[in-house]
Amino acid sequence: TPAARARRGPGRAGGGPRRPGTPPPCGRGAVRGRARHLGLRPTTGGRPLRGAALDRPDGTGRWSLLPAREDEPTLRAHAVAAQILDRHGVLTRAVARTEGISGQFGPVYRVLAGLEEAGAARRGYFVEHLGGSQFALPGAVDLLREVATAVRDDAGRDREPRAGSSTVHTVVLAATDPANPYGAALGWPPSASGHRPGRTAGALVVLTDGALALYVERGGRTVLSFTADSARLPAAAAALARMSRSGAAGRLTLQRLDGADLIDRRTLGTAAGRALVAAGFVLTPRGLRTGR
C-alpha cells in the first residue's frame, strides 16, 4: 500500500544508498533494480514484464511442478483403481458411480482382476445388494468378517443377557475408514435433527450391528443420533465413552446433540442424552466429558 511504501523509506525499495557492487535487496518492487544490476531484462514470451509481475521478487510463494498427464490408459486405470479401492475398502460398480467413473469401469475392472491375481485385493460377495462383482482390501474383509461373526453369534444365543450387558456389536470408526459403508456405498440415514453428516477427516461414526447409531463431527463437539433403540443407543454411547477415555481420538467435549445445546436439561432428557450420561459422560460448564 502507499502507506507501507512511505514507512519503508527509499533505501528499502531499491532507490536508496547502497554499497557499490551489491544487488538490490529482495522486497516489493526490487526486481527491476536487480535486473538492472545483473544486466538482465525480465521477459516472458519475448516481451518485457510489466506491472505486478515486476513487483514480486523471484520465488515468491510455494510452487510445485506437476508431472505431465499420463497418457497410457493402463497406467491411468491402475492409478484410479488403486485410489478408489483404498478410499472405499469395498469397491463395486455402484461405488464407482459415486466417483464419476461408471463409464470407465471396464478398464478399472481388469486392473482389479489383476490385483486379485497378485493377492493385493480380494473378490467376492461381501455386502448384500451391491452386486456380485465386489473387490475389497484384505483389511476391509477382515473387519466385515468380525462384525458378521459377532452379529451371528449374538443372534444364535437363546439366553437373556446379564444385567448391564449388551449383545449389540458396536464399533467406533473414523468417518473416512474404508470399513464405514455410509457416505460411500450407502447413503447417510436421516438424523434426529435433519442435519446431514459427511465422510470428513476427523469425524467419527459409531455402528451398532452394522447400522449407524451416532456421528461425531470433526472437533468432537457435536454429536448426531440416528436411532432411539433401547439396546443400540446405550451400546453406542458406551463405546463412544470408552473411546474418549482411551484418548485414541482425543478427549471428547460434547457441546451439542442433534442441534441443541447439551447444557440444556431438556436435551439431556432425550433418549440420546440419557444414554450419554448413563455411559459415563459428565456435565461440565463446557459440555459433556468423560472422566479418566
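Positions are given from 1 along the sequence.
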- Message: I'd like to know if Ile84 and Leu115 are part of one continuous hydrophobic network [Ile/Leu/Val/Met/Phe/Trp/Tyr, side-chain heavy atoms within less than 4.5 Å].
- Response: yes
**Request:** Run the numbers on Arg289 and Val282 for side-chain contact (heavy atoms from CB on, under 4.5 Å), then give the verdict.
**Result:** CA-CA 5 Å; Arg289 299 195 65 181; Val282 179; 5.9 Å; no
Subject >> Under 3.5 Å: donor-acceptor pair, side chain of Arg199, backbone of Tyr182 >> reply: yes
Discussion item. Using side-chain contact (heavy atoms from CB on, under 4.5 Å), reason through Gln134 and Val141 one step at a time and then give a plain yes or no.
Written reply: CA-CA 11 Å; Gln134 299 184 18; Val141 175; over 6 Å; no
Shortest non-hydrogen pair, Ala275 vs Ala237, comes out as O-CB, 3.5 Å
Audit row: Leu240, Phe281, side-chain contact (heavy atoms from CB on, under 4.5 Å) steps and yes/no:
CA-CA 10 Å; Leu240 190 62; Phe281 283 93; 4.3 Å; yes
Report task. Treat each ILVMFWY residue as a node, draw an edge where side-chain heavy atoms are under 4.5 Å apart, and state whether Leu283 and Val277 are in one component. Result -> yes
Discussion item. Has Tyr215 got a side-chain atom pairing as donor or acceptor with Arg196's backbone, closer than 3.5 angstrom?
Written reply: no
Closest non-hydrogen contact found for Ala272 with Leu257 is CB-CD2, 3.8 Å
Count I, L, V, M, F, W, Y as connected when their side-chain heavy atoms are under 4.5 Å apart, and connections chain through other members. Are Leu224 and Leu214 then in the same cluster? no
Of Thr270, Leu288, Thr284, the one forming a side-chain contact (heavy atoms from CB on, under 4.5 Å) with Leu262 is Leu288
Quiz item: Is it the case that one hydrophobic cluster holds both Met243 and Leu276, taking links as side-chain heavy atoms less than 4.5 Å apart, direct or via other members?
Solution: yes
Is it the case that over 12 heavy atoms from other parts of the model lie below 6.0 angstrom from the CZ atom of Arg87?
yes
Sequence neighbours excluded, the answer for side-chain contact (heavy atoms from CB on, under 4.5 Å) partners of Leu173 is Val171, Asp177, Ala179, Asn180, Val205, Leu207
In short, Ala120 meets Leu137 closest at the heavy-atom pair O-CD2, 4.2 Å
Correct closest heavy-atom pair for Phe226 and Pro197 would be CZ-CG, 3.8 Å
Sorted by chain and number, sequence neighbours left out, side chain to side chain donor-acceptor pair (under 3.5 Å) with Arg266 holds for Asp264
Review point. Do Arg242 and Thr290 have side-chain heavy atoms sitting under 4.5 Å apart?
Key: no
To the nearest 0.5 Å, atom CZ of Arg232 lies from atom NE2 of His169 at 12.0 Å
Residues passing the side chain to side chain donor-acceptor pair (under 3.5 Å) test with Glu217, sequence neighbours excluded, are His195
- Message: Checking the side chain of Asp261 only, and the main-chain atoms of Arg256 only, is there a donor and an acceptor separated by less than 3.5 Å?
- Response: no
Taken to the nearest 0.5 Å, the spacing of Thr222 OG1 from Gln255 CD works out to 7.5 Å
Determine yes or no for a side-chain-to-main-chain donor-acceptor pair under 3.5 angstrom, with Arg221 supplying the side chain and Leu254 the backbone.
no
Closest heavy-atom pair, Leu233 versus Ala228, reported as atoms and distance to 0.1 Å, is CD2-CA, 4.3 Å
For Arg123 and Ala113, the nearest pair of non-hydrogen atoms, with its separation, is NH2-CB, 4.4 Å
State whether the number of non-hydrogen atoms from other residues, nucleotides or ligands found under 6.0 Å of Ile263 atom CD1 is greater than 12. no
